[in-house]
A.B. asks: 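Here it is: the structure, laid out below.
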Amino acid sequence: MRTYETGEFTLERVREHVWELPQTGSMNVPARVLANESLLDEISDDRTLEQLRNTTELPGITTHALCMPDGHQGYGFPVGGVAAIDAERGCISPGAVGYDINCGVRLLRTNLTYDDLQGNERALVESLFDAIPCGLGSGGVIDADAVDIDAILEDGVEWAIEEGYGVDADLTHCEDHGRRQDADPTAVSQTAKNRGKKQVGSLGSGNHFLEVQRVTDVFDPSIAEQFELSTDQIVVLIHTGSRGLGHQVCTDYLEAIETEHADLLERLPDDELAAAPADSRLAREYYGAMCAAINFAWVNRQVIAHETRRVFESVFETDFEDMAIELLYDVAHNSAKLEPHTVDGEQRELFVHRKGSTRAFPAGRDEIPAAYRTVGQPVLIPGSMGTGSYVLCGSAGGPIQTFGSTAHGAGRIMSRTQAKQEYWGGDVQDELERENRVFVKADSGATIAEEAPGVYKDIDDVVAVSESLGIGTPVARLFPVCNVKG
DNA sequence: ATGTCC
C-alpha cells in the first residue's frame, strides 16, 4: 500500500486523491484527506492533520472526518473540514462551524460583456468602494434598530426583500431561500445583536471581497446554459459573512459550552473542539443562534448585492433589470446543518458541520432551486485576485463520499504576517493592473499584501481533485476585472 | 474571521 508520511502521521492511499488516517486509539472513526501529493505537502508542517485526527474523537461522528483539497489549520478544526455527527446521540461543536458563521459567497450574473466594461473599470471600482463599507469598524449600508435585527435574524432574506433590498427571484436562488427556519433570535445575545446593528451591508476584512469578473472559460456548456453563463459575460462575486454578530455568537457559545459541558471537554483532545451533547439545552440554543447568524449573513450579502445593482445602474446609466443583474446562487461555507444522509444503508439525521466547505448536492435533490434541479446545485469557489474563481456543479459522488460537500476556495499557504514580509501592497496592486488588467481598491495596502495571489494554493489543483473524485463538476472559470477588498 | 487584547 502506498503511504504518505509526515511527522507523526502516516496516511494510507485508498485510491487516487483519497488518503486515510486509520482509526486507532481514541479515534471514533478514521479520517480522510482528499488531495494530491503537492496539496498534502502544503499541510505537512502545520496542525491540519492533528486537528483532523482530533475531530474524529467528537462523540457521534459518523463514517470518517474529512478534509477537502483546500484544507488548512483553523481554530480547533481544519478550515476545509467536514464532520457529520449524529443529531440525536452525538454533539454539535461551534469550533467545527467557525467564528464567521455563514461566511459564504453569492454570484450575480449580468447580460454585460467584457467589452461593455473596458474603460469603465476605474470608475466602477471606485463607485463600488464608495457604496459598500469595508474594513473593520466601517459601519453598514443600513443602520438597523432592535426590531430590524430580530426580523433579520428570524426571516433572513425575506426581510430584505420586504424592505426593498432586492427582488423575489433572489429568494429562490439562495440556499434555503435565504432563511434557516430553525433560527432562534432569542438565543442570540444582546451584545451580538448590538454588534450586528451597524454591520448590515458591510464587507468586513481579511479574505472578504466584492469582485467584478468576466467568464473566461466554459467547461460544461450544457450546465453553463442552465446557469445562464457564457464566455466574456460579466458577473459579480460577493464574499463575506456574519461579521461581528456571528463572531459574538461563536464566542458566547464556546464559553457557555466549555463551562456547562466541562466533562465532555475533558475527554476531548483539544479545548478548541468544545461541543454540546445533541440532546442538551446548549446544543438547541447554539443551533438556533447559529441559524439566526446564518440568516444575518444572507441579509448582509443581499444588501451588498442591492448596492451593487445601484452602482451598476449609476455607472452604466441603465436599469438593473435591463442589465439582467440576477442572483445565480448563494452558498454558505461555514455552517452546521441538520441533513438526512444514508449511513451504512440506514437513513440518519446528521449535524453536517462544514467549515470552509461547500454543500454540493447533485441533480434531483429537492433542496436545489427548480431552475437547477436537473443538473445539480451551483458551487461557487472563490480564488485569489490573480488566478480567478470557479463555478462548479454538485455531482453524484458527493453524497456517497463527502456528505454532499466539496472544497470552498484556494486555501492559504502563508500566514498574514508572513505575507506582509513577502509582499508590498502597492506593488501587488500595480502588477495586477499592469499585467492582468485587474483593478484593485482596498481599505489598506497591508490588506492587499495579505491577500496577494501568491499566498494561496493553486485553485486549479483544488478543482482538479474535486473533479476527479466526482464531488464537483467544473462549469466555468471566472477572472477578476475589479476587486474591492475588505 | 473579529469593535485584531477588557
A.B. asks: Please check if the distance between the ring centroids of A:Y287 and A:F351 is under 6.0 Å.
C.D. replies: yes
A.B. asks: Check the phosphate of B:dT2 against A:T251, side-chain N and O only, distance under 4.0 Å to OP1 or OP2. Yes or no?
C.D. replies: no
A.B. asks: Does A:G244 reach a base, just sugar-phosphate, or nothing at all? Heavy atoms under 4.0 Å.
C.D. replies: sugar-phosphate
A.B. asks: Measure from CD on A:Q248 to C1' on B:dT2 and round the result to the nearest Å.
C.D. replies: 10 Å
A.B. asks: Grab the CZ-P distance between A:R243 and B:dT4 for me, whole Å please.
C.D. replies: 12 Å
A.B. asks: If the condition is side-chain contact (heavy atoms from CB on, under 4.5 Å), which residues does A:E451 pass it with, not counting sequence neighbours?
C.D. replies: A:N207, A:M385, A:R412, A:R416, A:Y456, A:K485
A.B. asks: When all nucleic acid strands are considered with a 4.0 Å heavy-atom cut-off, which category describes A:G206: base, sugar-phosphate, or nothing?
C.D. replies: sugar-phosphate
A.B. asks: May I have the distance from A:Y75 (atom OH) to B:dT4 (atom P), rounded to whole angstrom?
C.D. replies: 17 Å
A.B. asks: Could you tell me the separation between the CZ atom of A:F296 and the P atom of B:dT2, rounded to a whole number of Å?
C.D. replies: 11 Å
A.B. asks: A:D100 CG to B:dT4 C1': how many Å, rounded?
C.D. replies: 14 Å
A.B. asks: Rounding to a whole Å, what distance do you find between A:E272:CD and B:dT2:P?
C.D. replies: 18 Å
A.B. asks: Base, sugar-phosphate or nothing for A:R412? Non-hydrogen atoms, less than 4.0 Å.
C.D. replies: nothing
A.B. asks: Quickly work out the A:E255 CD to B:dC6 P distance and round it to whole Å.
C.D. replies: 12 Å
A.B. asks: Determine the interplanar angle of the A:F403 and A:H64 rings, folded into 0 to 90°, and report it as parallel if under 30°, tilted if 30 to 60°, perpendicular if over 60°.
C.D. replies: perpendicular
A.B. asks: Starting at atom NE2 of A:H247, determine the distance to atom P of B:dT4, rounded to an integer number of angstrom.
C.D. replies: 9 Å
A.B. asks: Supply the atom-to-atom distance A:K457 NZ to A:I459 CD1, rounded to the nearest 0.5 angstrom.
C.D. replies: 12.0 Å
